[in-house]
Amino acid sequence: MCQLLGMNCNTPTDILFSFEGFHRRGGLTDHHADGWGIAFFEGRGVRLFLDDKPAADSPVASLVRQYSIKSENVIAHIRKATQGEVNLANCHPFQRELWGQYWLFAHNGNLLDFHPQLGSHYQPVGCTDSERAFCYLLESLRSRWNQPPAREALFAAVETLAAELRSHGVCNFMLSNGEWLFVHCSTKLHYIVRQAPFPTAHLVDDDVTVDFSTVTTPQDRVAIIATVPLTDNEHWTPLQDGELVLFAAGEPQLRSITSPPTRSDAAGCGSSCGADAAAKADPAQN
């Protein structure tokens, strides 16, 4: 299946080291050759790069690797197509507006028999289950609130919607509005929080090492989330099946684990479902 990469920080940071390893996973030899994308929040704006060619030899990826974009929230995706043909419209991350904010979404998985009745505000451009899920999720949130709700209420809504999506199949995803990064695990995701004292890290996918203490300040804190750990000399924490985590300022701040509803329960869940579950606060764990 596809692979995901996310970054959430307490100060604008570049993702060049992680992307150097990550983009190499998008090649013909490992079958993740159906396109890729990466998006950077910069203030209220977004820089979005997409290509339907393999990331490992994409000229667009070469541009990103040479362009030191600093961001507090980044989402990247390497595609192995399960639904929808290989073209630019089906490349993640997907971008939409909600409550006067840009939102980004990327998905790894396969949602079966997922054909929700979509509302009037969000329609898929491509033909993937992933983009349908994103449109359905945003439509559900918009139908409940006409302005941004409190963080805990929003987390509870995303928690319930994530469980509903997971009832249709594998649903690892990342969702961000530029302030928070929601990460949902259905099968496989890992994260690491880097903060002082900063380590020296070595990539799994290339013989590249960086001493983060030479390129950071003692106040910096960076969370990196990936389908498979990117380094081989650091401790990565695996997320559990059904776990939803909200990252903010470079650390996990809210998290919960839920079981998916049965198919019959999910079928009766309309676009307004999703904000009655209790969100649980959790201190950062490194």
Side-chain angles (χ1 to χ4, degrees), residues 1-8 18 21-22 25 32 39 73-80 82-83 92-94 103-112 114 128-134 136-137 140 151-152 154-177 180-194 204 222-231 234-248 250-262 266 274 277-286:
M1 290 188 181
C2 310
Q3 292 213 17
L4 296 167
L5 170 65
M7 182 178 76
N8 173 267
S18 295
F22 183 73
R25 298 178 177 181
H32 291 80
N73 285 280
V74 178
I75 294 178
H77 179 273
I78 290 172
R79 186 171 184 234
K80 180 180 179 181
T82 53
Q83 296 187 36
H92 312 214
F94 301 106
W103 287 76
L104 297 171
F105 179 87
H107 167 239
N108 163 21
N110 190 21
L111 303 179
L112 303 174
F114 180 68
T128 64
D129 53 331
S130 306
E131 193 180 11
R132 285 196 302 273
F134 184 34
Y136 177 68
L137 192 154
S140 301
R151 185 179 73 166
E152 288 72 15
L154 179 61
F155 182 84
V158 174
E159 177 185 8
T160 302
L161 289 164
E164 180 186 354
L165 293 174
R166 198 167 72 255
S167 72
H168 290 273
V170 176
C171 189
N172 304 291
F173 70 75
M174 294 182 180
L175 171 73
S176 181
N177 66 345
W180 308 315
L181 176 62
F182 295 86
V183 176
H184 178 259
C185 179
S186 180
T187 53
K188 184 187 295 185
L189 277 171
H190 301 77
Y191 77 91
I192 188 169
V193 175
R194 297 189 179 116
V204 172
V222 179
I224 299 291
I225 307 96
T227 301
V228 178
L230 294 164
T231 57
E234 298 178 287
H235 175 69
W236 291 71
T237 300
L239 297 184
Q240 299 183 51
D241 182 10
E243 187 169 10
L244 177 70
V245 183
L246 182 149
F247 288 86
E251 61 185 357
Q253 295 193 2
L254 298 174
R255 65 197 312 163
S256 68
I257 300 176
T258 59
S259 299
T262 63
K280 304 173 182 67
D282 182 71
Q285 299 292 325
N286 186 17

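Throughout, residue positions are numbered sequentially from 1 according to the sequence presented.
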Kindly assign one of parallel, tilted or perpendicular to the pair F105 and F134, based on the angle between their ring planes and the thresholds 30° and 60°. parallel
Which of parallel (below 30°), tilted (30 to 60°) and perpendicular (above 60°) describes F114 and H168? perpendicular
Could you go through the side chain to side chain contact (heavy atoms under 4.5 Å, CB included) check for T128 and F94 one step at a time? CA-CA 11 Å; T128 64; F94 301 106; 3.8 Å; yes
Closest non-hydrogen contact found for S18 with I224 is OG-CD1, 3.8 Å
Just jot down the side-chain hydrogen bond (donor to acceptor under 3.5 Å, both in side chains) partners of W180, sequence neighbours excluded, or say none. none
Check L111 against A133 and note the closest heavy-atom contact, atom names and distance. CD1-CB, 3.8 Å
Shortest non-hydrogen contact between N8 and G250, atoms and distance: OD1-N, 2.6 Å
Please check this pair: side chain of H92 against backbone of R79, looking for a donor-acceptor N/O pair closer than 3.5 Å. no
Mind checking the CG-CG spacing from N172 to L165? Nearest 0.5 Å is all I need. 12.0 Å
So, taking the atom named SG in C185 and the one named CZ in R166, what distance separates them when rounded to the nearest 0.5 Å? 9.0 Å
Just by distance, do the side chain of R151 and the backbone of L254 share a donor-acceptor pair under 3.5 Å? no
Please identify each residue that fulfils side chain to side chain contact (heavy atoms under 4.5 Å, CB included) with A39, with sequence neighbours left out. V46, L48, P93, L104
Assess the residue pair L5 and L230 against the criterion (side chain to side chain contact (heavy atoms under 4.5 Å, CB included)); give the C-alpha distance rounded to whole Å, side-chain angles, the decisive distance to 0.1 Å, and a yes or no. CA-CA 9 Å; L5 170 65; L230 294 164; 3.7 Å; yes
From CG (L246) to OG (S176), nearest 0.5 Å: 9.0 Å
Are V158 and F173 side-chain neighbours, meaning at least one heavy-atom pair lies under 4.5 Å? yes
Taking all non-hydrogen atoms of both residues, which atom of E251 and which atom of V193 are closest, and how far apart? CA-CG2, 4.5 Å
Nearest heavy-atom contact between A106 and I75 is CB-CG2, 3.7 Å
Polar side-chain atom of H77 near backbone of C2 as donor-acceptor pair, under 3.5 Å: no
Provide the closest heavy-atom pair for H107 versus S130 in the form atom of the first, atom of the second, distance. ND1-OG, 2.7 Å
When rounded to the nearest 0.5 Å, the distance separating CE of M7 from CZ of F247 is 13.0 Å
Pair L239-R255, side chain to side chain contact (heavy atoms under 4.5 Å, CB included): steps then yes or no: CA-CA 10 Å; L239 297 184; R255 65 197 312 163; 3.8 Å; yes
Once rounded to the nearest 0.5 Å, what's the spacing between atom CG of N177 and atom CG of N73? 7.5 Å
Quick one: does S186's side chain have a donor or acceptor within less than 3.5 Å of a partner on V170's backbone? no
Between atom CD1 of I225 and atom CG of L181, what is the distance when rounded to the nearest 0.5 Å? 5.0 Å
Trace of the side chain to side chain contact (heavy atoms under 4.5 Å, CB included) decision for T227 with L189: CA-CA 4 Å; T227 301; L189 277 171; 4.1 Å; yes
